[in-house]
Amino acid sequence: MESLRGVVERITYANEEAGYSVIKIKSKGYIDLVTVVGNMATVNVGSVITARGFWTNSPKFGRQFEAKEWEETLPASIYGIEKYLGSGLIKGIGPVYAKKIVNLYKEKTLFIIEEEPDTLLYVEGIGKKRVEMIKKAWQDQKEIKNIMIFLQSYGISTSFGSRIYKVYGNKSIEIVKENPYKLADDVYGIGFKTADTLAAKLGIDKDSFKRCRAGIFYTLSQLSEEGHCYAKEEQLIERCVEILEVEAPKIMMTISHILLEKELIKEEMDIIYLPPFYYSESGVARRLNQIMKGSTNKRLRNSEEVIKEIEASEHIIYDEIQKMAIKQAEKSKVMVLTGGPGTGKTTTTHGIITLFYKSGMQVVLTAPTGRAAKRMSEATGMEAKTIHRLLECKPPEGYKKNEDNQIQGDVLIIDEASMIDIILMYNLLKAIPDHMIIIIVGDIDQLPSVGAGNVLQDIIASGVIPTVKLERIFRQAMGSKIITNAHKINKGENPDLRGGSGSNFFFIEEENSEEVISTIVTLCTKRLPSYYKVNPIRDIQILTPMQRTETGAANLNTVLQSALNKNTLCLKRGATEYRLSDKVMQIRNNYDKEVFNGDMGFITSIDLEERLLKVAFDDKEIEYETSELDELILAYATTIHKAQGSEYPIVVMPFTFSHYVMLQRNLLYTGITRAKKVVVLVGNRNAVYAAVKNNNVKNRNTRLEVRLKNLLPTLL
């Protein structure tokens, strides 16, 4: 192998998950920067690396050095030190302060930061607060580097170093060596498979109790991510044997031990739950039973009178089913209002709210997501909060609103209830006093919740909660091809794809993925903004069935960012560039920041000196450090699942056989009903028809329906 030494000038590409990087180095004897490729995810700009490997010639990228081994040392030259400190590696030092510090301390700079950091106060503009920040960041970085070297020595992606340090601090390596499976429980982004790879390299036996236990919890978590609240014991053993490649008796013994420790719960018919799902499911049934039997504090006005008053004052004519829904609200402690687009759910909900308002009752409105809550506010003219905000979620304590500190009010109206998973529903019901009336509104034909459970479907199927289903499409909605096609799809009929003048539903036939992508880019950059006079970043949303494939969300985001956002001001993390004005989405619940999975916003400012950016969500602006950017993804395109509860002026959907595994009726239905004004489908019409025919909705393992039936009498 040949050897190459030089200063890292820039990192062209870094895939943290794979650990693969493309870097440019300045090396003695070479006029131009040299391209070095290899597993070098921990390398920092400005540091000196010595790489050993081979020269290769890439047809696309030319001559480059492929590093098989490498080592990094701190820079010794003034130039290298400034580059190193200015890269954003140390919080509190960006390019401006790096230059000032190096101008003062020259080659002694790194010694000063290490041994005499308080003397940084002599640097113009640096105060005590910044010095403390630099001291902490320097120490943290040293520890993170140790973790990265430890991970790298076992062939594990170094991208997890800072996350592990954030959780375990100085004890990181000690804890990971003792039980690497803790990583899967405690560190966001690290799954069982990564922990298992590390465990094997640390010499932990394949059939050890630690491994079997971790595998069982991993399998149950995987099932919960598929929507299941429990596993049949036989199903659990079968999956564990397949995943762990361990004999069934070993898994059975481990399950028995975990059950004795009460870390899992077993019910009749050999059903096994993770405790949060068991307590949530049984808790939802119990609380609905208690609320149904509770008495209201106030007397309601006669619904017939209120209906006549609304019709006279607002020039509305309710049909018989809508009137039935308002009358049902008058006599129910808990009820469900369901129906598809254009069937008058919003108008009927308005009538129900008016009935309670005219009865002198305090009405509280809530929805699962920020977008859904905003739509609810716009439709009713009243404040609507997300469920998390209503429950005053404050980590690490959890929800401030709970059984001991309940929500104030007489009536709670919950919109977009099909999106609510079992754990969130239980936390909500715990915070509702027994006297409160609950109106649950949702469309059961949409995709079920991303989290475990099938709450709305199970409540309706139980037959113990009064339910009114709106089915008639109103005349004003009949003029919208989005709505008529949505109902056709729901009935298993092929949608009308003809488009035409005055239509709001269009289909563009394209045969291959390249043509689909090219058409979507043209639609977003030229045709739709020009015709409808809209902002392409804010008003057009690409919805796709999948995250992967060429026409999946990940690739489309890269393509659309390049086409729609020419800003050069950006921060990079891994392979993603976050540019000023980018549309982004939060992909995990962050209770500290009060932003949640699926919240969408726009990057409003980027501070290269502090390595920070700010994102404006609907009602707030949130700051992110570079290390937190793995919580954000670009959102020019998103999956249909992630778009639940949201509406967009214009929706463009690629629909091809490359998404074959996801071509389902409820997915297509949910996607097109996200559009307020216009839908454009791009792709293969037979893929659309295949989705319409496929109504095989995967059953979820839930017992809420049974629990409700056991507690409450079935309605006749």
Take Gln561 and Tyr578 through the test side chain to side chain donor-acceptor pair (under 3.5 Å) and record every step on the way to the result.
-> CA-CA 9 Å; Gln561 182 193 47; Tyr578 296 87; over 6 Å; no
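- Asp630 contributes atom CG, which lies 7.0 Å from atom CD1 of Ile587 (distance to the nearest 0.5 angstrom).
- A distance-only check finds no donor-acceptor pair linking the side chain of Asn555 to the backbone of Arg548 [under 3.5 Å].
- The pair Lys99-Glu82 meets the salt-bridge criterion, with a side-chain N (NZ, NE, NH1 or NH2) lying under 4.0 Å from an Asp/Glu carboxylate O.
- Between atom CZ of residue Arg611 and atom NZ of residue Lys572 there is a gap of 10.5 Å, rounded to the nearest 0.5 Å.
- Considering only residues two or more places apart in sequence or on other chains, Tyr30 meets the side chain to side chain donor-acceptor pair (under 3.5 Å) condition with none of them.
- To the nearest 0.5 angstrom, Lys166 atom NZ is 14.5 Å from Tyr168 atom OH.
- Between the side chain of Asp582 and the main chain of Arg579, a donor-acceptor pair closer than 3.5 Å is present.
- The closest donor-acceptor contact from the side chain of Lys136 to the backbone of Val131 lies at 3.5 Å or more, if one exists at all.
- Between Lys182 and the options Asp186, Asn179, Asp185, a side-chain hydrogen bond (donor to acceptor under 3.5 Å, both in side chains) holds for only Asp186.
- Of the possible polar contacts, none joining the Tyr105 side chain to the Leu110 backbone as a donor-acceptor pair under 3.5 Å is found.
- With rounding to the nearest 0.5 Å, the separation of OG1 in Thr576 from CD1 in Ile633 is 9.5 Å.
- Taking a cutoff of 4.0 Å between a charged side-chain nitrogen and a carboxylate oxygen, Asp607 and Lys614 do not qualify as a salt bridge.
- The main-chain N or O of Ala51 is never found under 3.5 Å from a side-chain atom of Glu69 such that the two would form a donor-acceptor pair.
- With hydrogens and angles ignored, the 3.5 Å screen pairs no side-chain donor or acceptor of Ser21 with any backbone N or O of Ile23.
- The backbone N or O of Ile537 sits less than 3.5 Å from a side-chain atom of Asn535, completing a donor-acceptor pair.
- With values rounded to the nearest 0.5 angstrom, Ile11 atom CD1 is found 13.0 Å from Lys24 atom NZ.
- The neighbour count for Glu124 CD, taken as heavy atoms of other residues, nucleotides or ligands under 6.0 Å away, does not exceed 12.
- The existence of a salt bridge linking Glu631 and Lys593 is excluded, since no basic side-chain nitrogen approaches an acidic carboxylate oxygen closer than 4.0 Å.
- Remark: Arg52 is not positioned above the aromatic ring of Trp70, lacking an NZ or CZ atom under 6.0 angstrom from the ring centre and at most 45 degrees off the axis.
- Between Lys91 and Glu625 there is a salt bridge, since at least one side-chain N of the basic residue sits less than 4.0 Å from a carboxylate O of the acidic one.
- By the side chain to side chain donor-acceptor pair (under 3.5 Å) test, Thr549 pairs with no residue at all, sequence neighbours left out.
- A cation-pi contact, defined as under 6.0 Å to the ring centre and within 45° of the axis, links Arg538 to Phe602.
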Dump the intermediate steps for side chain to side chain donor-acceptor pair (under 3.5 Å) on Asn597 and Lys642, then the final yes or no.
-> CA-CA 8 Å; Asn597 189 355; Lys642 287 282 190 192; 2.5 Å; yes
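- With rounding to the nearest 0.5 Å, the separation of CG in Leu223 from CG in Leu236 is 7.5 Å.
- Taking a cutoff of 4.0 Å between a charged side-chain nitrogen and a carboxylate oxygen, Arg211 and Asp196 qualify as a salt bridge.
- Pairs of residues two or more places apart, or lying in two chains, that qualify as ring pair (Phe, Tyr, Trp, His ring centres under 6.0 Å) and include a residue from residues 208-228 are Phe192-Tyr218, Phe209-His257.
- Salt bridge status for Glu132 with Arg130: absent, with no side-chain N to carboxylate O gap under 4.0 Å.
- Salt bridge Glu247/Lys250: absent, no basic N to carboxylate O contact under 4.0 Å.
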